[in-house]
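Okay, structure first, notes after.
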Amino acid sequence: MTFRVTTLLGLVGRRKNGIGPREVERIAGIDRSAASRLFRQLESLGWVEQVDDRGTYTVGPEMFAVAAAVRQRDSLWKAAGPLLASLTERFDETTYLAVKREHRVVFRDKVDCAQRIRYVLELNEPFPLTTGAAGRAILSALAPAERDEVLAEGLIAYTPSSITDPERYRTQVDEDRSLGYSYSRSGWVAGGGGVASPFFNAAGDCMGAITVSVPIDRLPADRASVIGSAVRESARALSQRLGYSGAPWGDATTTGEQYVDEPAP
């Protein structure tokens, strides 16, 4: 029963519009009648709440309270949160904290901008490291052997702008490494762009990236270079707060000259 409860809570927590017993049965193989009973029990405890008469459930007040308490004890978010908030305030674009999980990137948390039109990324879902600016920024910080392992898994053509040639992709990653940040234009999602820079722990291991995600019409090359410099500095500050004492990431003090305002990965 414990496994079924944790499965239900995980599904509810990850689905913005909620989930019902029928979909639970399809995704997790839990009988819908059993799922309905568990949902009712969890609702009585405040972990979920029903949002319509079709039996759709979403996050309840108890889950929100526990999530808030855990977040307050999250040392990574304590260090990163103010830096992301500062970037969002400066550029009025949504910032994300992305973390490396094996050969995947997971967007753990974010600070939303005030713009009505946003480029939204799914939180807590694992994506290949070859997707978007965040994954490429992390790749640029990995040892060549691990980078080759990731690239050996293959490159996916998400959009017409995606780079699918490994050698060309390696060249782009090397440029990112030199700049200290990655700039992506519609390489993962058509119409979406991003700028990201990696951060490191005290041992010098890349732990993830700080990312600014922007609709592509608000991210021309000149603005990307300004945002890139700011994101790189924020990632450096986060690395220092996590105990990193190595050389600063990226060797450029002014950036953007390597990019032209045309489709890129």
Side-chain angles (χ1 to χ4, degrees), residues 9-18 58-59 63-101 104-129 131-138 141 158 181-201 206-219 223-224 226-239 241-242:
L9 291 176
L11 290 172
V12 169
R14 287 179 171 84
R15 277 163 173 74
K16 182 178 180 180
N17 297 319
T58 189
V59 175
M63 194 188 300
F64 276 121
V66 171
V70 171
R71 193 185 196 199
Q72 289 298 314
R73 295 197 297 270
D74 183 353
S75 60
L76 178 57
W77 180 247
K78 283 183 179 179
L83 296 168
L84 269 65
S86 179
L87 287 168
T88 295
E89 181 179 6
R90 177 176 175 184
F91 298 108
D92 195 17
E93 302 293 356
T94 302
T95 54
Y96 288 85
L97 177 66
V99 295
K100 178 179 179 289
R101 292 286 183 265
R104 297 291 183 267
V105 58
V106 176
F107 297 94
R108 269 190 47 178
D109 220 322
K110 65 176 178 174
V111 177
D112 278 318
C113 65
Q115 302 272 8
R116 289 191 175 185
I117 298 177
R118 307 171 187 174
Y119 174 23
V120 179
L121 301 173
E122 191 74 26
L123 294 181
N124 300 313
E125 292 289 337
F127 300 102
L129 280 178
T131 50
R136 218 173 69 214
I138 294 170
Y158 294 101
Y181 68 84
S182 300
Y183 168 36
S184 175
R185 287 180 54 85
S186 297
W188 183 16
V189 176
V195 182
S197 185
F199 63 87
F200 305 83
N201 63 12
C206 178
M207 301 297 292
I210 291 177
T211 305
V212 178
S213 293
V214 188
I216 202 62
D217 61 355
R218 295 204 301 263
L219 195 63
R223 189 174 190 233
V226 175
I227 294 176
S229 295
V231 172
R232 184 184 61 207
E233 294 310 308
S234 294
R236 287 176 178 175
L238 177 56
S239 299
R241 293 183 188 186
L242 296 176

Check your understanding: When you check the gap from the basic side-chain N to the acidic O, do Arg223 and Glu93 get nearer than 4.0 Å?
Key -> yes
Point to revise | Least distance between heavy atoms, Ala237 atom then Leu83 atom | key: CB-CD2, 4.1 Å
Review point. Using a distance-only test with no angle check, is there a side-chain donor-acceptor pair under 3.5 angstrom linking Ser213 and Thr94?
Key: no
Review point. Is a donor on one side and an acceptor on the other found under 3.5 Å between the side chain of Ser239 and the backbone of Phe200?
Key: yes
Practice item. Check for a donor-acceptor pair, side chain of Ser186 on one end and backbone N or O of Gly191 on the other, with a separation under 3.5 Å. Key: yes
Revision key, fill the gap. Output for pair (Ile117 CD1, Asp217 CG), nearest 0.5 Å, gives 7.0 Å
Review point. Shortest non-hydrogen contact from Trp77 to Val111?
Key: CH2-CG2, 4.0 Å
Check your understanding: What pair of heavy atoms forms the shortest contact from Tyr96 to Leu121, and how long is it?
Key -> OH-N, 2.9 Å
Exercise for review: Drop me the distance from Cys113's SG to Tyr119's OH, to the nearest 0.5 angstrom.
Suggested key: 13.5 Å
Check your understanding: So how far is it from Arg104 CZ to Arg101 CZ, rounded to the nearest 0.5 Å?
Key -> 13.5 Å
Check your understanding: So does Glu89 have more than 12 non-hydrogen atoms from other groups sitting under 6.0 Å from CD?
Key -> no
Practice item. Write down the atom of Leu219, the atom of Gly194, and the distance for their closest heavy-atom approach. Key: CD2-N, 3.5 Å
Check your understanding: Looking at side-chain heavy atoms only, is the closest gap between Arg218 and Gln115 below 4.5 Å?
Key -> yes
Check your understanding: Below 4.5 Å, heavy atoms only, C-beta onward: do Glu125 and Val106 meet side chain to side chain?
Key -> no
**Study point:** Shortest non-hydrogen contact from Phe107 toward Ala134
**Key:** CE2-CB, 3.8 Å
Check your understanding: Does Thr211 reach the side chain of Val195, with side-chain heavy atoms less than 4.5 Å apart?
Key -> no
Review point. Under 3.5 Å, is there a donor-acceptor pair between the side chain of Ser86 and the main chain of Pro82?
Key: no
Review point. Is any side-chain heavy atom of Ile210 closer than 4.5 Å to a side-chain heavy atom of Leu84?
Key: yes
Point to revise | For Thr131, all residues meeting side chain to side chain contact (heavy atoms under 4.5 Å, CB included), sequence neighbours excluded | key: Val105, Phe127, Pro128, Tyr158, Trp188
Check your understanding: Within the side chain of Ser182, is there an N or O that forms a donor-acceptor pair under 3.5 Å with the backbone of Ala137?
Key -> yes
Review point. Can you find a heavy atom in the side chain of Lys110 that is under 4.5 Å from one in the side chain of Leu97?
Key: no
Practice item. Would you mind reporting whether Val99 and Leu76 have side-chain heavy atoms less than 4.5 Å apart? Key: yes
Revision key, fill the gap. Closest non-hydrogen contact found for Ala114 with Asp92 is N-OD1, 2.9 Å
Check your understanding: Got a second to check how far Ser197's OG is from Arg236's CZ, nearest 0.5 Å?
Key -> 7.5 Å
Practice item. Enter the distance from Glu233:CD to Leu87:CG here, rounded to the nearest 0.5 Å. Key: 10.5 Å
Check your understanding: Can you tell me how far CD1 of Ile138 sits from CZ of Arg136, rounded to the nearest 0.5 angstrom?
Key -> 12.5 Å
